[in-house]
There are 2 protein chains.
Amino acid sequence: MNLRERKKAETRANVLRVANELFREKGFEQTTIEEICAQALVSKRTLFRYFGDKEGLVFPNREERLEAFRGFLRAAELPRNPFDTLRSATRVWGSEYNESRDRILAQQRLVEGSSALLARERVIDREWEQEIAAAFARMTGSDADADLWARVLAGAIMGVIRATMSYWFESECRADLVELGLDAIDKLERGFPVAP
Amino acid sequence: MNLRERKKAETRANVLRVANELFREKGFEQTTIEEICAQALVSKRTLFRYFGDKEGLVFPNREERLEAFRGFLRAAELPRNPFDTLRSATRVWGSEYNESRDRILAQQRLVEGSSALLARERVIDREWEQEIAAAFARMTGSDADADLWARVLAGAIMGVIRATMSYWFESECRADLVELGLDAIDKLERGFPVAP
DNA sequence: TCGCAACTGCCACCGAGTGCCACTTGCTAC
DNA sequence: GTAGCAAGTGGCACTCGGTGGCAGTTGCGA
C-alpha cells in the first residue's frame, strides 16, 4: 500500500472514529458535520468526499459488506436448496453478531434514535433482499413464476430477519441469535403454526 | 364545518394538488418547496405547518390511513385466526388498489425515483408492521414467546406484501393484486414449497 | 362589535450537501 | 534528484430543506 493510500485509509478511519464517538456522546442529530470536521482535522468538503452523506458515517463499508454477502450466495448456490443456504448464512452472520454484541447494540441504539438512520437501514436491507431474490431466482427456474416466488420468499426472509433482530436487540442481545434465526427459518419453510 | 375549517381543507388540498402535479412533471428532487409555494400561493412556513416535510406531500394522511387499518384489525380480532384476518385485509386493500391502478402506479414511479421517498415508504411499512404484530399478540398469548412469534410473522407478512406489490408494479399493475396477495399468504401459512 | 384564538406571512437563521477552483502532496519517468 | 503530473485537500460561495419567533390578519363567539 502506497503512502498515499495509507494516508487515505488513516484519514478515513480517523473521521469514522471521531464521528461515532460524538454520535454516541450527543446523539446523531445533535452532532453537526462541522464538529466532526473540527475534531478530525479535515475539511467539510473532504469528509463528504469520503462518506457521501452523514448517514454514511454510521453505515460504513456498505458496498464491501454487500459484496461479501454476494460472494457467500454465489458460493452456496449449486447444491443447496434455498432454505439450507439461508440456514448456513444464519450461522455465519448470526455468530458474528453474537460475538460483537456490544458494538452492535451501541450501533443499534444510535439507529433507533434517528428516523434518518432507520430509513437508511431499511434501504440497506432492501439491497440485501434483492441479492437474495436474485440468488434464489438463479437456483430455480427463470420464468416469471419462479421470479415472483423468489422475490416473495426473499421479502419474507428479510422481514423475519429484521423482526428477529429487533427482538434480539430488545433483550440486549442476550439470546443466541443463531438459534432465534434458525427457528424463524423453520417457520418459513414449514409454515407458521397458528399458536406459538 | 366552519368557514375556517373549510378554508384550511381547501388550502391543504390545493397545496397537495400543486405539489403532486409538479412532482410528476419534473420529479420530486427537482421540484423545490419554493416553487410549490409560489404556485399554490402560500408561504413556505405555512406549507411546513400543514405537511411536516417534503416527503409528507407524497404520503399524505398517513395517520388517518394507519388509524383505519388499526380499526380494521380491532374489528377482525376476536373470532379469526391471524391468517384469515390477513386474507380479509388483502381482499379489502387489494381490491381498492386494483381499482385505482393508475393513480397508484404514478405514485409508485415517483417513489422509485427518489431514495428519500423510498426510505419514507419503508418507515411507513414499519408502522403497519407494528400494528399487525400488536394485533396478533393480542389474539394469542402475551408471554415472550407469543410476542416473538407475532413479530416474526408480522415481519414476514410485510415482507411478502412489499415484494408482491413490487412485482405488481413492474407488471404495470395488470395482474390481480388480491390473487397475488392470497397466494403469498398461502405460502406463509403452509410453508414455501421449494420449487415454484 | 369587541376581544380572543387560530392561522398566516415574513425574516433571519441553521445544517446538510455541492460546484468550483486554487493549492498541496505523493508518484513516476527521465 | 527533479520536473511534471495526477490525486487529493481546503476554502468559499451557494442551494435547499427546515425551524424559531413575532407581527399581522381573520374568523368566531360572547
Side-chain angles (χ1 to χ4, degrees), chain A residues 1-16 18-20 22-23 25-60 62 110-111 113-121 123, chain B residues 1-16 18-20 22-23 25-60 62 110-111 113-121 123:
Chain A
M1 195 154 70
N2 270 345
L3 170 54
R4 197 172 259 172
E5 278 168 346
R6 259 183 293 145
K7 272 196 170 180
K8 271 177 70 175
E10 204 188 321
T11 304
R12 194 189 137 85
N14 190 38
V15 170
L16 217 44
V18 168
N20 281 278
L22 285 173
F23 291 157
E25 260 173 54
K26 354 186 338 181
F28 179 74
E29 325 253 12
Q30 285 66 46
T31 306
T32 70
I33 296 286
E34 312 241 4
E35 283 175 287
I36 301 171
C37 290
Q39 201 161 323
L41 303 174
V42 273
S43 75
K44 207 171 92 173
R45 206 66 195 73
T46 298
L47 186 147
F48 280 116
R49 266 191 282 255
Y50 278 83
F51 307 90
D53 50 28
K54 200 181 174 188
E55 291 83 44
L57 290 162
V58 178
F59 301 104
R62 177 173 165 186
L110 249 191
V111 174
S114 147
S115 58
L117 291 178
L118 274 174
R120 174 61 56 96
E121 191 182 46
V123 171
Chain B
M1 194 156 72
N2 270 344
L3 169 55
R4 197 172 260 172
E5 279 168 345
R6 258 181 293 143
K7 270 195 172 181
K8 272 177 68 175
E10 202 187 323
T11 302
R12 195 187 136 85
N14 189 39
V15 171
L16 217 44
V18 167
N20 281 280
L22 285 173
F23 290 157
E25 259 173 53
K26 351 187 338 182
F28 179 74
E29 326 254 10
Q30 285 66 45
T31 307
T32 70
I33 296 285
E34 313 242 4
E35 284 176 288
I36 301 171
C37 290
Q39 201 162 322
L41 304 174
V42 273
S43 75
K44 209 170 91 172
R45 205 67 193 73
T46 298
L47 186 147
F48 280 115
R49 266 190 283 256
Y50 278 82
F51 307 90
D53 49 28
K54 200 181 174 186
E55 290 82 43
L57 290 161
V58 178
F59 301 106
R62 177 174 166 185
L110 249 192
V111 174
S114 148
S115 58
L117 289 178
L118 273 174
R120 173 62 55 94
E121 191 182 46
V123 170

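Here is how names work: the chains are called A, B, and so on, in the same order as the sequence lines, proteins then strands, and each is numbered from 1.
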Nearest to the side chain of [X], which nucleotide is it out of [options]?
| X | options | answer |
| --- | --- | --- |
| Ser43(A) | dG11(D), dT8(C), dG27(D) | dG11(D) |
| Phe48(B) | dT19(D), dT9(D), dC27(C) | dT19(D) |
| Arg4(B) | dC28(D), dG10(D), dG8(D) | dC28(D) |
| Tyr50(B) | dC27(C), dC16(D), dC7(C) | dC7(C) |
| Lys8(B) | dT8(C), dC7(C), dG10(D) | dC7(C) |
| Ile33(A) | dA16(C), dA7(D), dG9(C) | dA16(C) |

Measure the spacing between [atom1] of [X] and [atom2] of [Y] and express it to the nearest 0.5 Å.
| X | Y | atom1 | atom2 | result |
| --- | --- | --- | --- | --- |
| Thr46(B) | Lys44(B) | OG1 | NZ | 12.0 Å |
| Lys54(A) | Arg120(A) | NZ | CZ | 12.5 Å |
| Leu16(A) | Phe51(A) | CG | CZ | 4.5 Å |

Using atom [atom1] of [X] as one end and atom [atom2] of [N] as the other, report the distance to the nearest whole Å.
| X | N | atom1 | atom2 | result |
| --- | --- | --- | --- | --- |
| Met1(A) | dC27(C) | CE | P | 11 Å |
| Glu34(B) | dG17(D) | CD | P | 8 Å |
| Glu55(B) | dG17(D) | CD | P | 10 Å |
| Glu29(B) | dA16(C) | CD | P | 18 Å |
| Arg45(B) | dG17(D) | CZ | P | 15 Å |
| Ile36(B) | dG17(D) | CD1 | C1' | 11 Å |
| Leu47(A) | dC12(D) | CG | C1' | 17 Å |
| Glu5(A) | dT25(C) | CD | C1' | 15 Å |

Handout entry: Donor-acceptor pair (no angle test) under 3.5 Å: Lys44(A) side chain, dG17(C) base
Key =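 It does, because a donor-acceptor pair links the side chain of Lys44(A) to the base of dG17(C) below 3.5 Å.
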Exercise for the section: Would you state whether a donor and an acceptor, one from the side chain of Arg6(B) and one from the base of dG27(D), lie under 3.5 Å apart? Expected result: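 No such pair is found, so the answer is no.
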Practice task
Decide if atom CD of Glu29(B) counts as having more than 12 heavy atoms of other residues, nucleotides or ligands within a radius under 6.0 Å.
Solution key: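 It does: Glu29(B) CD has more than 12 such atoms within range.
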Practice task
Using a 4.0 Å heavy-atom cut-off across all strands, classify Phe51(A) as base, sugar-phosphate, or nothing.
Solution key: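 Answer is nothing: Phe51(A) stays at 4.0 Å or more from every strand.
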Handout entry: Partner of Val42(B) by side-chain contact (heavy atoms from CB on, under 4.5 Å), out of Val18(B), Ile36(B), Thr11(B)
Key =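 For Val42(B), the side-chain contact (heavy atoms from CB on, under 4.5 Å) test succeeds with only one of Val18(B), Ile36(B), Thr11(B), which is Thr11(B).
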Problem - For Phe23(A) against Leu57(A), the heavy-atom pair lying closest together - result: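 That closest heavy-atom pairing would be CE1-CB, 3.9 Å.
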Please check the phosphate of [N] (OP1 and OP2 only) for any side-chain N or O of [X] closer than 4.0 Å.
| X | N | value |
| --- | --- | --- |
| Lys54(B) | dG18(D) | no |
| Asn2(B) | dG27(D) | no |
| Thr46(A) | dG10(D) | yes |

Problem - Residue met sooner reading DNA chain D from 5', once Thr31(B) and Lys7(B) are mapped to nucleotides - result: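 Its nearest nucleotide being more 5', the pick is Thr31(B).
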Practice task
Specify the residue among Arg49(A) and Leu3(B) whose closest nucleotide of DNA chain D lies further upstream toward the 5′ end.
Solution key: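 Between the two, 5'-proximity favours Arg49(A).
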